[in-house]
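Working notes, beginning with the structure itself.
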Amino acid sequence: MFGDLIRRLTGETDTTPSDVEPQVALPALLVRVARADGDYAASEKDMIRGITQRWIGGSPFEAAEVLREAEELEAGASDTVRFTRAIKDAVAYEARRGVIADVWRVVLADGRRDEEEDALMRLIANLLGVNDRDSNIARQNVEAGR
């Protein structure tokens with residue numbers, strides 16, 4: 001029942017696979033989070049570039065290309081579900097907790113948390129199937145590691 005409510009509230013009405021490649025979905029999701037407060041800061045972009053390189057296992061040049069594609073994809077996307085669905089379909093729960101930690105790294109990269117970012121973070125964790133406790137632990141670990 002709760003899952004149905006969330007799907008209705010988030011616009012997730014079907015269970016068809018995402019049309020977004022997982023290698024682009026995470027960087028696009030990170031860009032969406034970074035842009036949520038209206039300021040796509042250089043520190044956030046640098047953080048996303050590093051996470052993207054690790055995520056795809058490629059060179060800095062390949063990461064820059066994937067990030068460019070992700071920025072374009074995010075700018076034209078009407079919702080967050082297509083990104084989270086691609087990640088959720090491709091990544092086991094334990095690894096999704098790591099994804100949440102990466103999202104927190106971007107949220108905290110500019111040194112502040114905004115209400116828009118916090119709200120989007122709660123939505124993302126929920127859509128990825130990561131509970132609040134695990135998301136909180138990921139945030140605390142990121143804060144401790146800064």
Side-chain angles (χ1 to χ4, degrees), residues 1-110 112-139 141-142:
M1 182 172 83
F2 184 69
D4 289 338
L5 176 63
I6 294 299
R7 280 189 286 284
R8 278 184 263 144
L9 290 174
T10 62
E12 184 181 14
T13 57
D14 62 56
T15 57
T16 58
S18 176
D19 61 339
V20 179
E21 291 294 320
Q23 72 183 34
V24 180
L26 177 61
L29 183 65
L30 298 175
V31 169
R32 174 144 295 185
V33 168
R35 289 177 173 168
D37 64 358
D39 180 25
Y40 188 26
S43 59
E44 293 169 323
K45 192 169 186 172
D46 290 344
M47 180 67 68
I48 295 169
R49 191 176 297 113
I51 292 169
T52 299
Q53 185 174 354
R54 181 174 36 88
W55 177 252
I56 66 168
S59 70
F61 176 75
E62 291 168 321
E65 285 298 308
V66 170
L67 180 53
R68 183 194 53 73
E69 182 181 345
E71 288 170 336
E72 289 176 12
L73 181 65
E74 188 282 328
S78 60
D79 65 17
T80 304
V81 173
R82 62 192 298 210
F83 307 138
T84 56
R85 183 179 297 149
I87 296 165
K88 189 174 181 181
D89 290 347
V91 178
Y93 183 80
E94 289 301 317
R96 280 185 265 143
R97 290 188 337 189
V99 167
I100 290 297
D102 284 339
V103 179
W104 276 117
R105 284 181 182 88
V106 172
V107 167
L108 300 169
D110 62 3
R112 65 183 194 279
R113 286 174 55 189
D114 297 293
E115 289 179 26
E116 296 87 357
E117 291 171 326
D118 280 346
L120 186 54
M121 211 37 236
R122 284 188 298 277
L123 175 65
I124 289 168
N126 193 3
L127 290 173
L128 288 175
V130 175
N131 63 49
D132 290 339
R133 179 183 176 277
D134 287 344
S135 179
N136 238 354
I137 289 169
R139 178 187 49 79
N141 289 340
V142 169

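In this text, all values refer to a predicted model and were calculated from it rather than measured experimentally. When a residue number appears, it is its place in the shown sequence, counting from 1.
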Original post:
Between Leu127 and Lys88, is a side-chain contact (heavy atoms from CB on, under 4.5 Å) present by the stated rule, with each step listed?
Top reply: CA-CA 8 Å; Leu127 290 173; Lys88 189 174 181 181; over 6 Å; no
Do [X] and [Y] have side chains that approach each other closer than 4.5 Å (heavy atoms only, starting at C-beta)?
X: Asn131; Y: Tyr93; result: yes
X: Glu117; Y: Trp104; result: no
X: Arg112; Y: Asp37; result: yes
X: Asp46; Y: Arg49; result: yes

Considering all heavy atoms of both residues, which atom of [X] and which atom of [Y] are nearest to each other, and what is their separation?
X: Val20; Y: Ala86; result: O-CB, 3.3 Å
X: Val106; Y: Ala34; result: CG1-CB, 3.8 Å
X: Val107; Y: Met121; result: CG2-SD, 4.1 Å
X: Pro27; Y: Val66; result: CG-CG1, 4.0 Å
X: Ala28; Y: Ala70; result: N-CB, 3.4 Å

**OP:** Check the side chains of Asn136 and Arg139 for a donor-acceptor pair under 3.5 angstrom, ignoring hydrogens and angles.
**Re:** yes
Does the pair [X]/[Y] count as a salt bridge with the N-to-O cut at 4.0 Å?
X: Asp102; Y: Arg54; result: yes
X: Arg96; Y: Asp134; result: no
X: Arg68; Y: Glu71; result: no

Could you give the distance from [atom1] ([X]) to [atom2] ([Y]), rounded to the nearest 0.5 Å?
X: Met47; Y: Arg105; atom1: CE; atom2: CZ; value: 7.5 Å
X: Leu29; Y: Ile124; atom1: CG; atom2: CD1; value: 4.0 Å
X: Leu67; Y: Leu30; atom1: CG; atom2: CG; value: 9.0 Å
X: Ile87; Y: Trp55; atom1: CD1; atom2: CH2; value: 5.5 Å
X: Ile48; Y: Arg32; atom1: CD1; atom2: CZ; value: 12.5 Å
X: Arg97; Y: Ser135; atom1: CZ; atom2: OG; value: 11.0 Å

Subject >> Pair Arg122-Asp118, side-chain contact (heavy atoms from CB on, under 4.5 Å): steps then yes or no >> reply: CA-CA 6 Å; Arg122 284 188 298 277; Asp118 280 346; 3.7 Å; yes
**OP:** Please report the C-alpha distance between Glu65 and Glu62 in whole Å, then the side-chain angles of each, then the deciding distance to 0.1 Å, and finally whether the side-chain contact (heavy atoms from CB on, under 4.5 Å) criterion is met.
**Re:** CA-CA 5 Å; Glu65 285 298 308; Glu62 291 168 321; 5.7 Å; no
Original post:
Would you say the side-chain atoms of Glu72 pair up with the backbone N or O of Glu69, donor to acceptor, closer than 3.5 Å?
Top reply: no
Original post:
Any sub-3.5 Å donor-acceptor pair from Glu44's side-chain atoms to Ala41's backbone N or O?
Top reply: yes
Original post:
Hey, mind stepping through Phe83 and Leu26 against side-chain contact (heavy atoms from CB on, under 4.5 Å) and telling me if it holds?
Top reply: CA-CA 7 Å; Phe83 307 138; Leu26 177 61; over 6 Å; no
Subject >> Partners meeting side-chain contact (heavy atoms from CB on, under 4.5 Å) with Ser78 (sequence neighbours left out) >> reply: none
